[in-house]
Participant: 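Sharing a structure, written as structure tokens. Questions coming.
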Number of protein chains: 2
Amino acid sequence: MTRTHHQHPRFQLRLVSGKDVVIGPGKADLLDAIGRTGSISSATREMGLSYKKAWQLINTMNEHFAAPVIATVSGGSQRGGAELTDFGHRVLEQYRALQTRLTAENAPETQALLNLLAPSDAPDP
Amino acid sequence: MTRTHHQHPRFQLRLVSGKDVVIGPGKADLLDAIGRTGSISSATREMGLSYKKAWQLINTMNEHFAAPVIATVSGGSQRGGAELTDFGHRVLEQYRALQTRLTAENAPETQALLNLLAPSDAPDP
DNA sequence: TCCCGCTATTTCCATTTATACATAACGGAA
DNA sequence: TTCCGTTATGTATAAATGGAAATAGCGGGA
């Protein structure tokens, strides 16, 4: 799958602990995709990353958060799948809220830094 | 040099454009070190990264910002060196301001997410 | 003129990271 | 019992990243 590259300059937020990224843009998108598609596999196909990588990302989140972010099922009539736990929903919700707040207009420092970019990086056009 | 690993969970901020990180924690620290030490070389020795890597980080910043963040000198009585440009100082200042604002108490969403971490990740002790 | 430490750049190599592929288990349905 | 697509995991390979080392140029001082 072709890599989807956002073009405009943007701020990204990461929660880091030790050497691990607990959650960031990629993991948040993965959680979102799993929630929407109902399985890790379908989420990886949609996002264009390997199942193993996705599993590792999820595993890292589960290692650092107080509870698992997704619940998985093997076999059965639905052939298995995965869904966000209530806890996982809260994690994603809080991350998005923080992300939104950062990019919001009530952060004048955001614009101040964007205005220092070269014109080719199209701060606001 | 041994890698210095901050232990406590923390938020990191990045300004990204296309596939490049315009500025983030590492580049900000590099600018700071160059400003303090007076050369790229001494900054790399202090931080424990290669000159090549540092130069690449600086080059990426210069490619995306509207003006160079450092000014370099080759040869001369001082044997050459580097210093932050006025523009570079502004970039670093604005980044630090944004970073500070993010971690500040006026971001309750920050604590909300930290509180979802496992006890072993020591949210506040 | 030579010397010095720095900038700037290239080449080569080690490390890290990610992918591709293979495999086993799962459990309901046919 | 066989079949299915998924979870979960290991192994081997490819790609990306980073470092070490070499090289050239700089320009003022000795």
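Any value given below was found using the heavy atoms of this structure, including those in side chains, with hydrogens, waters and symmetry copies removed. Letters A, B, ... are given to chains in the order of the sequence lines, protein chains preceding strands, and every chain is numbered from 1.
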Participant: Separation of Gln56(B) atom CD from dA20(D) atom C1', in whole Å?
Facilitator: 14 Å
Participant: Could you check whether any side-chain heavy atom of Leu114(B) comes within less than 4.5 Å of a side-chain heavy atom of Pro9(B), counting everything from C-beta outward?
Facilitator: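 The answer is yes, as the side chains (C-beta and beyond) meet within the 4.5 Å cut-off.
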Participant: In whole angstrom, give the distance that lies between atom CG of Asp20(B) and atom C1' of dT17(D).
Facilitator: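 For the pair Asp20(B) CG and dT17(D) C1', the rounded distance is 14 Å.
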Participant: Quick check on contacts: within residues 73-84 of chain B, what sits under 4.0 Å from DNA chain C by heavy-atom distance?
Facilitator: Val73(B), Ser74(B), Gly75(B), Arg79(B), Gly80(B), Gly81(B), Ala82(B)
Participant: Does Ser39(A) form a side chain to side chain donor-acceptor pair (under 3.5 Å) with Ser42(A)? I'd like the steps, not just the answer.
Facilitator: CA-CA 5 Å; Ser39(A) 76; Ser42(A) 56; 2.7 Å; yes
Participant: Check the phosphate of dT6(D) against Arg45(A), side-chain N and O only, distance under 4.0 Å to OP1 or OP2. Yes or no?
Facilitator: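 Yes, because at least one side-chain N or O of Arg45(A) sits under 4.0 Å from OP1 or OP2 of dT6(D).
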Participant: Taking NZ from Lys19(A) and P from dT16(C), how many angstroms apart are they, rounded to a whole number?
Facilitator: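 Going from NZ in Lys19(A) over to P in dT16(C) covers 12 Å.
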Participant: Give the rounded distance in Å between these two atoms: OH of Tyr51(B) and P of dC6(C).
Facilitator: 10 Å
Participant: Surrounding CD of Gln12(B) (heavy atoms of other residues, nucleotides or ligands, distance under 6.0 Å), is the total greater than 12?
Facilitator: yes
Participant: May I have the distance from Leu57(B) (atom CG) to dT17(D) (atom C1'), rounded to whole angstrom?
Facilitator: 12 Å
Participant: For atom CD of Gln56(A), decide whether the heavy atoms of other residues, nucleotides or ligands shown that lie under 6.0 angstrom number more than 12.
Facilitator: yes
Participant: Could you give the distance from CZ (Arg10(A)) to CD (Gln99(A)), rounded to the nearest 0.5 Å?
Facilitator: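 Reported to 0.5 Å precision, the distance equals 10.5 Å.
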Participant: For dA18(C), does either OP1 or OP2 sit under 4.0 Å from a side-chain N or O belonging to Lys53(A)?
Facilitator: yes
Participant: Just N and O in the side chain of Lys52(B): are any of them under 4.0 Å from OP1 or OP2 of dG19(D)?
Facilitator: no
Participant: In whole angstrom, what separates Trp55(B)'s CH2 from dA21(D)'s P?
Facilitator: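 To the nearest whole Å, that distance equals 21 Å.
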Participant: Could you tell me whether the phosphate oxygens of dT7(D), OP1 or OP2, come under 4.0 Å of any side-chain nitrogen or oxygen in Ser41(A)?
Facilitator: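 Yes, because at least one side-chain N or O of Ser41(A) sits under 4.0 Å from OP1 or OP2 of dT7(D).
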Participant: Map Ser39(B) and Ser50(A) onto DNA chain C by nearest heavy atom, then report which one ends up closer to the 5' terminus.
Facilitator: Ser39(B)
Participant: Is there side-chain contact between Ile40(B) and Ile70(B), with at least one heavy-atom pair below 4.5 Å?
Facilitator: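 Yes, side chains in contact.
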Participant: Could you tell me the separation between the CD atom of Glu46(B) and the P atom of dC6(C), rounded to a whole number of Å?
Facilitator: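 To the nearest whole Å, that distance equals 14 Å.
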Participant: Any chance the side chains of Ser17(B) and Asp121(A) put a donor and an acceptor closer than 3.5 Å?
Facilitator: yes
